[in-house]
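Counting starts at 1 for both ligands and their atoms, following the listed order.
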Amino acid sequence: MTIQSDISEVAEEKSSVYGPVHSWRVGSSLGVDMLLQTSTCSFNCIYCQLGDIQLKTAQRSIYVPTAQLEHDLRRSRWEEADIITFSGSGEPTLALNLAEAIHWVKEYTGKPVMVLTNATLLHDPAVIQDLQAADIVSCKLDAATEAGLKQMNRPVAGVTLQNIVSGIKNLKAHYKGKIALQCMFMPTNLREVEQMAKLINDIQPDEVQLNTPKRAYPLEWHLDSRGNHGDKPYPTRELRTVSPPQADEIEALLQEKTHVPILSIYKK
Ligand code: SF4
């Protein structure tokens, strides 16, 4: 069997490209999944739309060959998307071929690229280098204390909030594109909003994306959960969210304390 036919057979079962899906942040977004085989992340967030992460790792590797991405994207409805988003089945910076993939996608589609990252690998100069080709990097920040990080994000051993914040500042120092902070709020981390404002002021992102988990938590791993599906054909558990008035209060407080532009999921 040739490599190409091997890729074709895999792609028929599982595609590294999905959507376009509607994103409240950026409109019509084509998803690129450089992890694909199973959910793979250095976090295991309590609200993750993928459910319990199957492969918990901070080890970079080639999970999806760039040739497979090329094959899948050529067959997708990429023309309909406003933006191409690297997200999918876990943490995109774990893909060692991330830079090669971003370069190829930009050249082939001519569309902007956004990377959604949990920011746990931004202390690595190679990762900062890989992100240079992206137009927007959206960094997750859900906690303002080490205890909050453990509670919300349940990171793999060795990941600390201090490293994450210094990693995002490292990106800011070496990257010319737009940096957003994606902050997920639940009743669990409401008490950290004031401290979060201090971190935002310290980092000075271009934008804060205020979110709350609107998607139910899958009780088992399904590739479908990476997209924006309504009724799920598998068991899920509803999550506790912040209400629209609570989100307004958070937004007002962050606005007053930081003056950074805020995008709220309740005002999409
Ligand atoms: S960082 Fe993203 S993919 Fe990883 S566990 Fe959290 S929500 Fe899921």
### Task
Could you list which atoms of ligand 1 come closer than 4.0 Å to a heavy atom of I53?
5 (S)
### Query
Going by the order shown, which atoms of ligand 1 are within less than 4.0 Å of some heavy atom of N118?
1 (S)
#### Entry: atom 6 (Fe) of ligand 1 to nearest N/O/S of C41 below 2.8 Å
no
### V159-L116 co-clustered via ILVMFWY side chain contacts under 4.5 Å
no
### Task
Could you point out which residue of N118, N189, D142 forms a side chain to side chain donor-acceptor pair (under 3.5 Å) with N153?
D142
### Task
Do me a favour and list the nearest non-hydrogen protein atom to atom 8 (Fe) of ligand 1 with residue, atom name and distance?
C48 SG, 2.3 Å
### Query
Does the ring of Y108 carry R74 above it, NZ/CZ under 6.0 angstrom from centre and within 45° of its axis?
yes
### Query
Which residue supplies the protein heavy atom nearest to atom 2 (Fe) of ligand 1, what is that atom called, and how far is it?
K140 CE, 3.9 Å
### Task
If you have a sec, work out which protein heavy atom is nearest atom 6 (Fe) of ligand 1 and how many Å separate them, to one decimal?
C45 SG, 2.3 Å
### Query
D33 and S16: side chain to side chain donor-acceptor pair (under 3.5 Å), yes or no, with the steps?
CA-CA 5 Å; D33 182 355; S16 58; over 6 Å; no
### Query
So, are K111 and D82 salt-bridged, with charged N and O less than 4.0 Å apart?
no
### Query
If you measure from atom 3 (S) of ligand 1 to every heavy atom of S42, G88, S89, G90, which option wins on shortest distance?
G90
### Task
Could you walk me through whether T93 and E91 pass side chain to side chain donor-acceptor pair (under 3.5 Å), step by step?
CA-CA 6 Å; T93 62; E91 171 50 37; 2.6 Å; yes
